There are 2 protein chains.
Amino acid sequence: MASNVKELNEYWTDIYFHLHYPHTEKISHQVIRILQLVEKKEEIGVNEVATYLHISHNTASEHVKRMVEKNLLIKERGLLDERKVLLHLTKVGKDVLHRNTSLDEEKLEQVMNQLADKEKEIIEQAFKILSERAKTCL
Amino acid sequence: MASNVKELNEYWTDIYFHLHYPHTEKISHQVIRILQLVEKKEEIGVNEVATYLHISHNTASEHVKRMVEKNLLIKERGLLDERKVLLHLTKVGKDVLHRNTSLDEEKLEQVMNQLADKEKEIIEQAFKILSERAKTCL
DNA sequence: CGATTATATCGTACTATACGATAATATAGA
DNA sequence: TCTATATTATCGTATAGTACGATATAATCG
């Protein structure tokens, strides 16, 4: 079973390598990780960012500040607890995140269009199942 | 069909978000991109790195130099053409790459073990099909 | 030998990353 | 209300990452 998982990972990295967007952007690693976190979680504040990246809260605060300056994030204060910050992606933030973590839509569509209907269906089902189950993990 | 591709990307990013390894490493974005390139391609030299990352050849050369110093890459001179450099991953390089681009094997196995045999099969097939077709893209 | 190709190095500049110390502000509890 | 705690922000400082022009080295090609 372990070799099975390794095999899946090889497929996974092959897919990303061949279908990712070109690397034209000068974007840092931590910035992308923060964008990913903010996109997928609701109610994200500075402390959650710090915990997620295993960095101190002051460093996290500075990341957030710079990302707001660059118009990647929007900061809002919590309604119930005004100490808290609620982070959201801007349109620019969403675009940057997309180009750096998603599969290139043109390439993916091109590949999908080469497939038989049954194959397409298998892929859609597989991704759906795995994403749903992944969400319940831990 | 376009919405289909967007849906797949949402599944894709959800899967990575929930199943990736924890972000404990202080590793830069360009370093990971270079590791990915070297892993997936044979006969990679400094110029290919520069082209792939859209950076100048001297910058690429310095990335490679630092990565060799950190024991992430091994440099070898081309047998036929000694001007060329051939890059390979070290064990450390492979490990770093794995922890930063693959799915966490424990988590993935945990998720897979919750699935019915038929679901497992669908996922394996889907990933296999997509990775094979992706390789023929462009 | 001269031109080309592939890589390396030097100097320089700027950005990113990180943390300790400290501060500001909001909430919660005695 | 006063104090403790929680959350975020800022300052000073240090180190590493990123990048490029200019220049150099070395191998190959014609």
Side-chain angles (χ1 to χ4, degrees), chain A residues 22-38 41-88 92-93 96-97 100, chain B residues 22-38 41-88 92-93 96-97 100:
Chain A
H23 295 318
T24 49
E25 232 146 353
K26 287 173 190 165
I27 184 92
S28 88
H29 205 187
Q30 297 293 60
V31 164
I32 289 177
R33 287 166 166 172
I34 293 170
L35 291 173
Q36 285 178 311
L37 180 66
V38 173
K41 291 265 189 186
E42 325 229 331
E43 295 274 317
I44 276 295
V46 173
N47 259 327
E48 283 88 347
V49 171
T51 305
Y52 183 64
L53 295 182
H54 297 86
I55 57 179
S56 67
H57 53 99
N58 45 11
T59 301
S61 177
E62 290 190 4
H63 276 300
V64 167
K65 186 176 146 195
R66 276 191 299 267
M67 289 172 73
V68 169
E69 281 166 7
K70 285 179 186 162
N71 194 30
L72 297 171
L73 293 181
I74 288 170
K75 248 198 291 197
E76 191 193 356
R77 284 287 170 171
L79 294 175
L80 295 173
D81 185 343
E82 285 204 10
R83 290 172 303 181
K84 272 209 172 177
V85 154
L86 303 181
L87 298 173
H88 306 281
V92 177
V96 168
L97 178 60
N100 283 280
Chain B
H23 295 317
T24 49
E25 233 146 351
K26 287 171 190 169
I27 184 92
S28 87
H29 206 184
Q30 297 293 59
V31 164
I32 290 177
R33 286 166 166 171
I34 293 170
L35 291 174
Q36 284 178 313
L37 181 67
V38 174
K41 292 265 190 186
E42 325 229 330
E43 295 273 319
I44 276 295
V46 173
N47 259 327
E48 283 88 346
V49 171
T51 305
Y52 183 64
L53 295 183
H54 298 85
I55 56 178
S56 68
H57 54 98
N58 44 12
T59 301
S61 176
E62 291 189 4
H63 276 301
V64 167
K65 186 176 146 196
R66 276 191 299 268
M67 288 172 74
V68 169
E69 280 165 7
K70 287 180 186 163
N71 194 31
L72 297 171
L73 293 181
I74 288 169
K75 247 197 294 197
E76 191 193 358
R77 284 285 170 174
L79 295 174
L80 295 171
D81 184 342
E82 286 206 8
R83 291 172 303 181
K84 273 210 173 178
V85 153
L86 303 180
L87 298 173
H88 307 281
V92 177
V96 169
L97 178 60
N100 283 279

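Keep in mind that this is a model prediction, so the values were computed, not measured. Below, chains carry the letters A, B, ... as their sequence lines are ordered, and counting in each starts from 1. Side chains are part of it too, since the values below use all heavy atoms of this structure and drop only hydrogens, waters and symmetry mates.
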Worked check of side chain to side chain contact (heavy atoms under 4.5 Å, CB included) between B:Leu73 and B:Leu35 = CA-CA 8 Å; B:Leu73 293 181; B:Leu35 291 174; 4.2 Å; yes

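- B:Gln30 and B:Arg33 share a donor-acceptor pair across their side chains, judged by distance under 3.5 Å alone.
- Nearer to the 5' terminus of DNA chain C, by closest-nucleotide assignment, is the contact made by B:Leu86 (compared with the other of A:Leu53 and B:Leu86).
- Near DNA chain C, defined here as any heavy-atom distance below 4.0 Å, the residues from residues 26-35 of chain B are B:Lys26, listed numerically.
- Interatomic distance, CD of A:Glu43 versus CD of A:Glu48, reported as 8.5 Å (0.5 Å rounding).
- Every ring pair (Phe, Tyr, Trp, His ring centres under 6.0 Å) that A:His29 has, sequence neighbours left out, goes to B:His29.
- With rounding to the nearest 0.5 angstrom, the OG atom of B:Ser28 is 7.5 Å from the CD1 atom of B:Ile34.
- A:Leu87 CG to A:Glu42 CD: the interatomic distance, rounded to the nearest 0.5 Å, is 13.0 Å.
- Side-chain contact between B:Glu76 and B:Val85: absent, with no pair of heavy atoms (C-beta onward) separated by less than 4.5 Å.
- Nearest-nucleotide mapping onto DNA chain D: of A:Glu25 and A:Lys84, the residue sitting toward the 5' end is A:Lys84.
- Between the CD atom in B:Glu82 and the CZ atom in B:Arg77 there is a gap of 8.0 Å [rounded to 0.5 Å].
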Residues 52-64 of chain A side chain polar contacts: donor-acceptor under 3.5 Å, at least two apart:
unit_1, atom_1, unit_2, atom_2, d
A:Tyr52, OH, B:His20, NE2, 2.9
A:Tyr52, OH, B:His23, NE2, 3.4
A:His54, ND1, B:His23, O, 3.3
A:Ser56, OG, A:Asn58, OD1, 2.3
A:Ser56, OG, A:Thr59, OG1, 3.1

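- Counting all heavy atoms, side chain and backbone alike, B:Lys75 lies closest to B:Val68 at CE-CG2, 4.1 Å.
- The stretch residues 57-65 of chain A touches DNA chain D through A:His57, A:Asn58, A:Ser61, A:Glu62, A:Lys65, each having a heavy atom within less than 4.0 Å of the strand.
- Listed by residue number, B:Lys75, B:Arg77 are the residues of residues 74-82 of chain B with a heavy-atom contact under 4.0 Å to DNA chain C.
- Proximity of residues 42-52 of chain A to DNA chain D (heavy atom under 4.0 angstrom from any strand atom) is restricted to A:Gly45, A:Val46, A:Asn47.
- Here the CG atom belonging to A:Leu37 is positioned 4.0 Å from the CD1 atom belonging to A:Ile44, to the nearest 0.5 angstrom.
- Note that the CG atom of B:Leu86 and the CD1 atom of B:Ile74 stand 12.0 Å from one another [nearest 0.5 Å].
- What separates CE of B:Met67 from P of D:dA16 is a distance of 17 Å, to the nearest Å.
- The base of C:dT5 sits within donor-acceptor range of the side chain of B:Arg83, with an N or O pair under 3.5 Å.
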